[in-house]
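Each remark here refers to the structure printed beneath this line.
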Amino acid sequence: MQNIKEQLEQALKSATTAEQVEQIRIDFLGRKGSITLLAKNADFSKMSVDEKKNFGRNLNELKQFATQEITKAAEACKAATVHRKSNDLDLTAPGKGRRLGALHPITLVQMELEDIFQGMGFSVVYGPEIESEYFCFEALNIPHDHPARDMQDTFWLKNQLILRTHTSANQVRTLKRFGAPIRAIFPGRCFRYEAIDPSHENTFYQCEGVVVDKDISVANLVAIMRVTLSQVFKRDVKVRLRPGYFPFVEPGFELDLNCLLCGGKGCPTCKNSGWIELIPCGLIHPEVLRHGGIDPKEYSGFAFGVGLTRLAMMKFGITDIRYMNCGDLRVNEQFSTLM
Ligand code: DAH
């Protein structure tokens, strides 16, 4: 017994892991462990009553001692492991296997436009997505029976409220609120009752802009558009104006961008025309200025409506608008590093 006790002490001294301690328990107290066998193999027939008593007592003491020491050693090992692990913990290490968030391609382009326009002294104003019929249509010179309403059918709520069909709804709101002179953009989400296909969505983003000041002309409009697009596409771009009709601008234009892929020679992207229709715009109609509380004899201005969703698709080469609202994180993850 003394031998076994010494062996046990020796073994526990050199054990450093919980597995090693467990092995020791099996070696000494397991079914075939040396302490267990000691009891099994004892030949009681040759012992006197006193010897039996002594043997029994000593064996019990050895068992208790072994159990106690082994438990102590196991706990010490556990504590050491926890300690080791907490010392290994590097709070500054990057997360393992956790996906970090990424900004949506539309958000990226919106933030870029906000930056560019703020750099030219524009304010960024956000308007409501639930809008009154007045600001969305009437104030923009689109009365009840105007055919232009047909192009922008939307979701009707109660009390003459609708989901805004364009960020132009923010023009008169903003003119009323801040007056002239003003330079501002209004990025945001718009809604239309559309059949969804690769280039149409019922939910999309635009970025509207207005400049109202003394002596504002088409030349100012073209200059601002050209500078903006050159920054977005990171190269000098050419633009041109064609006549376009929108009830809230006069004259109204379609601003085309010289095709960046073919440089104007003609290719499938620009449908062989050399130009890509990009930004509807014009000089703000006097009636709209009046709705905004601004005297058209004193002030003039221009407005434009960038299709943010469309711009993001062009910039990142996204071919189907349905990716934009699909909620699949893989859409987001691949573009944030490109900016
Ligand atoms: N709001 C128009 C639309 O969504 C686009 C537009 C046209 C905006 C001309 C303008 C503008 O500011 O001047 O179809």
Side-chain angles (χ1 to χ4, degrees), residues 106 110 113 117 122-125 127-129 131-143 146-155 162-175 182-194 199-212 216-225 228-229 239-257 276-289 291-292 294 296 299-313 321:
I106 295 176
Q110 177 178 332
L113 280 183
F117 278 106
F122 281 70
S123 311
V124 180
V125 181
E129 291 173 355
E131 185 52 281
S132 69
E133 217 187 320
Y134 171 76
F135 284 121
C136 201
F137 296 124
E138 251 116 79
L140 292 172
N141 216 12
I142 313 175
H146 198 287
R149 286 207 180 192
D150 293 349
M151 296 185 294
Q152 299 194 6
D153 199 3
T154 187
F155 303 90
I162 56 177
L163 296 189
R164 69 175 173 196
T165 57
H166 51 183
T167 43
S168 309
N170 225 4
Q171 284 191 18
V172 171
R173 270 185 182 283
T174 307
L175 296 181
I182 185 168
R183 271 179 263 182
I185 57 164
F186 331 123
R189 184 156 57 163
C190 307
F191 311 85
R192 285 187 203 180
Y193 181 64
E194 291 273 10
S199 47
H200 295 88
E201 247 290 5
N202 55 34
T203 304
F204 56 95
Y205 287 74
Q206 293 186 334
C207 180
E208 190 86 6
V210 293
V211 170
V212 177
I216 292 295
S217 74
V218 177
N220 301 123
L221 165 64
V222 175
I224 293 282
M225 292 296 97
T228 304
L229 291 172
V239 297
R240 74 171 184 189
L241 291 183
R242 280 179 298 118
Y245 174 69
F246 304 94
F248 39 94
V249 280
E250 179 58 37
F253 306 106
E254 293 286 357
L255 183 133
D256 296 342
L257 175 67
I276 291 172
E277 184 177 313
L278 195 59
I279 304 180
C281 52
L283 295 188
I284 301 176
H285 196 288
E287 201 50 31
V288 176
L289 289 176
H291 275 289
I294 290 168
Y299 287 102
S300 57
F302 65 79
F304 54 90
V306 180
L308 253 189
T309 300
R310 175 130 180 272
L311 193 62
M313 288 172 72
I321 198 170

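Read the numbers this way: they start at 1 and go in the same order the structure lists the ligands and their atoms.
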Practice task
Would you check whether T165 has a nitrogen or oxygen atom less than 3.5 angstrom from a nitrogen or oxygen atom of ligand 1?
Solution key: no
Exercise for the section: Enumerate the atoms of ligand 1 whose separation from the nearest heavy atom of G282 is less than 4.0 angstrom. Expected result: 13 (O)
Exercise for the section: Check ligand 1 against S168 and write out every atom of the ligand that is under 4.0 Å from a heavy-atom position of the residue. Expected result: 1 (N), 8 (C)
Exercise for the section: Output the list of atoms in ligand 1 that are nearer than 4.0 Å to some heavy atom of G305, sorted by atom number. Expected result: 8 (C), 10 (C), 12 (O)
Handout entry: Expected output: side-chain T165 to main-chain R192 donor-acceptor under 3.5 Å
Key = no
Handout entry: G252 near ligand 1 by a heavy-atom separation under 4.0 Å
Key = no
Practice task
Can you establish whether the number of heavy atoms outside Y193 located under 6.0 Å from its atom OH is more than 12?
Solution key: no
Completion exercise
Under 4.0 Å from one or more heavy atoms of Q171, ligand 1 contributes atoms 12 (O)
Handout entry: Closest protein heavy atom to atom 5 (C) of ligand 1, given as residue, atom name and distance to 0.1 Å
Key = P280 CG, 3.6 Å
Completion exercise
Atoms of ligand 1 under 4.0 Å from any heavy atom of Q152, numbered from 1 in the order shown, are 3 (C), 4 (O), 14 (O)
Exercise for the section: Distance to 0.1 Å, residue and atom name: give those for the protein heavy atom nearest to atom 11 (C) of ligand 1. Expected result: F248 CE1, 3.5 Å
Exercise for the section: Salt-bridge test for E138 and R149: reply yes if a basic N is under 4.0 Å from a carboxylate O, no otherwise. Expected result: yes
Practice task
Have a look at ligand 1 and work out which part of Q206, if any, has a heavy atom under 4.0 Å from it: side chain, backbone, both or neither.
Solution key: side chain
Handout entry: Taking every non-hydrogen atom, the tightest pair across L241 and C281
Key = CD2-SG, 4.2 Å
Problem - Minimum-distance pair of heavy atoms, taken over all atoms of V172 and H291 - result: CG1-O, 3.6 Å
Problem - F246 N/O to ligand 1 N/O under 3.5 Å - result: no
Exercise for the section: Evaluate the side-chain contact (heavy atoms from CB on, under 4.5 Å) criterion for residues I224 and V211: first the C-alpha distance (whole Å), next the side-chain angles of each, then the deciding distance (0.1 Å), finally the verdict. Expected result: CA-CA 10 Å; I224 293 282; V211 170; 5.5 Å; no
Exercise for the section: Apply salt bridge (charged side-chain N to carboxylate O under 4.0 Å, His left out) to E131 and list each qualifying residue two or more places apart in sequence or on a separate chain. Expected result: R173
Exercise for the section: Can you pull out the closest protein heavy atom to atom 12 (O) of ligand 1? Residue, atom name and distance to 0.1 Å, please. Expected result: E208 OE2, 2.6 Å
Practice task
Check the pair I321, H200 against side-chain contact (heavy atoms from CB on, under 4.5 Å), reporting the backbone distance first and the verdict last.
Solution key: CA-CA 7 Å; I321 198 170; H200 295 88; 5.7 Å; no
Problem - Criterion side-chain contact (heavy atoms from CB on, under 4.5 Å) on V210 and F186, from CA distance to verdict - result: CA-CA 9 Å; V210 293; F186 331 123; 3.7 Å; yes
Handout entry: Nearest candidate to atom 3 (C) of ligand 1, where distance is taken over non-hydrogen atoms, out of R192, H285, R164
Key = R192
